[in-house]
Number of protein chains: 2
Amino acid sequence: MSKIAALTDHLGYWLRQVSNHVSQSFARKLAAEDVTVAEWVLLRVLYDEPSMAPSRIAETMGFTRGAVTKLADRLIAKDLVVRAADPEDGRAQTLALTAKGRQCAPKLAALADQNDAECFGYLTNHDRRALRQILEDIVARLALDSIPIE
Amino acid sequence: MSKIAALTDHLGYWLRQVSNHVSQSFARKLAAEDVTVAEWVLLRVLYDEPSMAPSRIAETMGFTRGAVTKLADRLIAKDLVVRAADPEDGRAQTLALTAKGRQCAPKLAALADQNDAECFGYLTNHDRRALRQILEDIVARLALDSIPIE
DNA sequence: TATTGTTATACTCTATAACTATA
DNA sequence: TATAGTTATAGAGTATAACAATA
């Protein structure tokens, strides 16, 4: 006879609590600009490229191609993104920011800055660096795990 | 003219990456037992109490009452939870684990242990403790923020 | 045959609000 | 009037698979 683990015994639990709060706080800020968190990610990815294929975006963002299509449809409806045919490959499409999308990005980035400051600003520099380093290490490890064994 | 923040400049981004991966990994394990992450949380909360009112559960889990009702409906359909009327207050209901629910909980707790070990086991003890301490501090701070100013 | 992208479907989670019954 | 809980609705995110067009 033994006691079973409590919810609070798992790092995953604490991570979920904090991450959900931070993301929801960010989502509320973005909602004022009529943008969701996933839409912001796609806009930010496109901000660094003149144009990008949906399949490459899906790979970069860790989304499925279907999800990128749906996301792009919404952003196109808001005139933040344009879809164009690839002249070299009849199957391929490319996505790019519109002028409005490019103009909108800095405002959204400022909201992301503000949200991070509100959620983590009171931490010491030491704790912020430690948290970031551990999280980056975990992500790097995940990337390794997803590489097929040679 | 200035560059705007990258996705990777925000702690919220790294937190979301890791938390989503950990939760999805856990969800896949729970799916083998036909349980979702939110259902596990409710089951685990009920495991420590003979019975509990939906409103108290909602408060404890940070869910709305409507969400608890829907979650409870699913768990009742799976014969893991029972709903009963409160004899003292005609408006009130109580939720409790069934024998099957109580029997199921340790297996689910073991999956939670396993998932945490897989996701964080390779970290040093120092890093695991540091991560947990920082996350708990942030949650404590959130709890403070949600208390109305006197 | 394989690949690119879209479309369709479905389910979880989350949030809001209307509603019923009781206090 | 206020409270407890349910019900209805909706949108976001995620996943899978079927599909059309092209390679």
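Throughout, a chain's letter reflects where its sequence line sits, starting with A, and its residues are numbered from 1.
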Asks: Please give, in whole Å, the distance from D/dG13 P to A/Leu75 CG?
Replies: 10 Å
Asks: Using a 4.0 Å heavy-atom cut-off, does B/Val68 contact any base of the nucleic acid, only the sugar-phosphate backbone, or nothing at all?
Replies: nothing
Asks: Over all heavy atoms of both residues, which pair between B/Ala96 and B/Pro50 is shortest? Give the atoms and the distance, please.
Replies: CB-O, 3.3 Å
Asks: Provide the closest heavy-atom pair for B/Thr98 versus B/Asp79 in the form atom of the first, atom of the second, distance.
Replies: OG1-O, 2.7 Å
Asks: With side-chain contact (heavy atoms from CB on, under 4.5 Å) as the test, pick out the partner of A/Arg16 among B/Val22, B/Leu15, B/Val41, B/Leu135.
Replies: B/Val41
Asks: Hey, which of these two, A/Asn20 or A/Pro54, hits DNA chain C nearer its 5' end, going by closest nucleotide?
Replies: A/Pro54
Asks: Among D/dT22, C/dT14, C/dC13, find the nucleotide with the atom closest to the side chain of B/Phe63.
Replies: C/dT14
Asks: Measure CD/A/Glu59 against C1'/C/dG5 and give the value in whole Å, please.
Replies: 15 Å
Asks: Both B/Gly66 and A/Asp34 contact DNA chain D. Taking the nearest nucleotide for each, which residue is further toward the 5' end?
Replies: B/Gly66
Asks: Would you say a side-chain N or O of B/Gln24 is under 4.0 Å from OP1 or OP2 of D/dA15?
Replies: yes
Asks: Look at all strands and tell whether A/Ala53 reaches a base, only sugar-phosphate, or nothing, counting heavy atoms closer than 4.0 Å.
Replies: sugar-phosphate
Asks: Can you tell me which nucleotide in D/dT7, C/dT6, D/dG13 comes closest to the side chain of B/Thr69?
Replies: D/dT7
Asks: From CD of B/Gln93 over to C1' of D/dT6, roughly how many Å is that when rounded to an integer?
Replies: 9 Å
Asks: What pair of heavy atoms forms the shortest contact from B/Leu46 to B/Met52, and how long is it?
Replies: CD2-CB, 3.8 Å
Asks: Quick one: A/Leu71 CG to D/dT14 C1', roughly how many Å, whole number?
Replies: 12 Å
Asks: Between A/Arg65 and A/Arg28, which has a closest nucleotide on DNA chain C that is more 5'?
Replies: A/Arg65
Asks: B/Asp89 CG to D/dA2 P: how many Å, rounded?
Replies: 17 Å
Asks: Looking only at non-hydrogen atoms, find the nearest pair between B/Leu71 and B/Ala38 and report the distance.
Replies: CD2-O, 3.8 Å
Asks: To the nearest 0.5 Å, what is the distance between CD1 on A/Ile76 and CG on A/Leu95?
Replies: 6.0 Å
Asks: To the nearest Å, give me how far apart CZ (A/Arg56) and P (C/dT4) are.
Replies: 13 Å
Asks: Scan A/Ser55 against the nucleic acid and name what it touches under 4.0 Å (heavy atoms): base, sugar-phosphate only, or nothing.
Replies: sugar-phosphate
Asks: When you measure only distances, ignoring hydrogens and angles, does the side chain of B/Lys70 come within 3.5 Å of the base of C/dT12 through a donor and an acceptor?
Replies: no
Asks: Contact class for B/Arg74 (heavy atom, under 4.0 Å): base, sugar-phosphate, or nothing?
Replies: sugar-phosphate
Asks: Is A/Thr36 touching bases, backbone alone, or none of the nucleic acid, heavy atoms closer than 4.0 Å?
Replies: sugar-phosphate
Asks: Rounded to the nearest angstrom, tell me the gap between atom CD1 in A/Ile57 and atom C1' in C/dT4.
Replies: 13 Å
Asks: To the nearest Å, how far apart are B/Gln17 CD and D/dG13 P?
Replies: 14 Å
Asks: What's the closest nucleotide to the side chain of B/Val37 if the choices are D/dG13, C/dT14, C/dC13?
Replies: C/dC13
Asks: Would you mind classifying the nucleic acid contact of B/Arg83 as base, sugar-phosphate or nothing, using non-hydrogen atoms under 4.0 angstrom?
Replies: sugar-phosphate
Asks: More 5' along DNA chain D: A/Ala38 or A/Arg91, using each one's nearest nucleotide?
Replies: A/Ala38
